[in-house]
Chemist: 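Sending over a structure as structure tokens; questions will come in a sec.
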Amino acid sequence: VQLQASGGGLVQAGGSLRLSCTASGRTFSSAAMGWFRQAPGKEREFVATISRGGGSTRYADSVRGRFTISRDNAKNTVYLQMNSLKIEDTAVYYCAAGYREFGVGPGSYDYWGQGTQVTVSS
């Protein structure tokens, strides 16, 4: 499976960005899809995940109410709409596909994209 993330960039605090991640190589609709992020000097952390059919979502407490994960199985794409961005949201964001379980830990995911940088300025 190949995952290609895009949509990162530089935005002012309070602004919005939408990340996209397009998958190829395996049945997209069979995978739970997640977003993680990693800031400099910190461990990779869970952001959000969405079930195979899109009916269930889970969020980290730090982003709940500001970020929305969604997917379009016809386009093999998962999205992360990020609103009310904060400086502490600055990180490289990674999408991931998991075919075994619908989890929040990195170990639940089998394939990872290359990451897209999100920088939030004051």
Chemist: Is Lys86 salt-bridged to Asp89, going by a charged N under 4.0 Å from an acidic O?
Modeler: no
Chemist: Ring-plane angle category for Tyr93 and Phe67, please: parallel below 30°, perpendicular beyond 60°, tilted otherwise.
Modeler: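 Tilted, since the angle between the ring planes falls between 30° and 60°.
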Chemist: Do Val104 and Trp35 belong together in a cluster built from hydrophobic side chains that touch within less than 4.5 Å?
Modeler: no
Chemist: Could you pull out the closest heavy-atom pair between Tyr99 and Val1, with the gap in Å?
Modeler: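 Heavy-atom minimum between the residues: OH-CG2, 3.8 Å.
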Chemist: Kindly check if the number of other-residue, nucleotide or ligand heavy atoms within 6.0 Å of CD (Gln2) is above 12?
Modeler: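 Not buried by this count: 12 neighbours or fewer within 6.0 Å.
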Chemist: Which distance, rounded to the nearest 0.5 Å, do you find between the CG of Leu10 and the CD of Gln12?
Modeler: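 Here the interatomic distance stands at 8.0 Å.
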Chemist: So Phe36 and Glu45, side-chain contact (heavy atoms from CB on, under 4.5 Å) or not? Walk me through it.
Modeler: CA-CA 5 Å; Phe36 289 75; Glu45 65 173 357; 5.9 Å; no
Chemist: Under 3.5 Å, side chain of Asn76 to main-chain N/O of Cys21, donor-acceptor pair present?
Modeler: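 Checking the backbone N and O of Cys21 against the side chain of Asn76, no donor-acceptor pair under 3.5 Å is found.
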Chemist: Take Tyr59 and Phe46 through the test ring pair (Phe, Tyr, Trp, His ring centres under 6.0 Å) and record every step on the way to the result.
Modeler: CA-CA 8 Å; Tyr59 295 93; Phe46 167 75; 8.1 Å; no
Chemist: What about Tyr109 and Val47, same hydrophobic cluster or not, with Ile/Leu/Val/Met/Phe/Trp/Tyr joined at side-chain heavy-atom distances under 4.5 Å?
Modeler: no
Chemist: Identify the two heavy atoms, one from Asn83 and one from Ser16, that lie closest to each other, and give their separation to 0.1 Å.
Modeler: OD1-OG, 2.9 Å
Chemist: Shared ILVMFWY cluster between Tyr94 and Leu19, side chains joined below 4.5 angstrom?
Modeler: no
Chemist: Would Arg71 pass as a cation-pi partner of Tyr79, given that its NZ or CZ must be under 6.0 Å from the six-membered ring centre and within 45 degrees of the axis?
Modeler: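 Checked: cation-pi criterion not met.
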Chemist: Return the CG to OG1 distance between Leu80 and Thr49, rounded to the nearest 0.5 Å.
Modeler: 11.0 Å
Chemist: OG/Ser70 to CD/Gln81 distance, rounded to the nearest 0.5 angstrom?
Modeler: 8.0 Å
Chemist: Between Ala23 and Leu3, what is the shortest heavy-atom contact and its length?
Modeler: CB-CD2, 3.4 Å
Chemist: If you count every heavy atom of other residues, nucleotides or ligands that lies below 6.0 Å from Glu101 atom CD, does the total exceed 12?
Modeler: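 Yes, enclosed.
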Chemist: Give the minimum heavy-atom separation between Val11 and Leu17, together with the two atoms involved.
Modeler: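 Closest approach of Val11 to Leu17, heavy atoms only: CG1-CD1, 4.0 Å.
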Chemist: Search all heavy atoms of Val78 against all heavy atoms of Met33 and return the closest pair with its distance.
Modeler: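 That closest heavy-atom pairing would be CG1-CE, 3.8 Å.
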Chemist: Would you say the side chain of Phe102 lies within less than 4.5 Å of the side chain of Ser56, judging by non-hydrogen atoms?
Modeler: yes
Chemist: Do Thr22 and Thr77 have side-chain atoms, one donor and one acceptor, less than 3.5 Å apart?
Modeler: yes
Chemist: Take atom CD of Glu88 as the centre, draw a 6.0 Å sphere, and report whether it contains more than 12 heavy atoms from other residues, nucleotides or ligands.
Modeler: yes
Chemist: Can you give each donor-acceptor pair under 3.5 Å made by side-chain atoms of residues 111-122, sequence neighbours left out, with the distance rounded to 0.1 Å?
Modeler:
from, atom 1, to, atom 2, distance (Å)
Tyr111, OH, Arg26, NH1, 3.4
Gln114, OE1, Ala5, N, 3.4
Gln114, NE2, Ala5, O, 3.0
Thr116, OG1, Gly8, N, 3.1
Gln117, NE2, Ala91, O, 3.4
Gln117, NE2, Thr119, OG1, 3.3

Chemist: Return the set of residues passing side-chain contact (heavy atoms from CB on, under 4.5 Å) with Ser62 (not counting sequence neighbours), or none when no residue passes.
Modeler: Arg37, Ala60
Chemist: Is Ile69 close to Arg58 at the side-chain level, that is, under 4.5 Å between some pair of heavy atoms?
Modeler: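 The answer is no, as the side chains (C-beta and beyond) never meet within the 4.5 Å cut-off.
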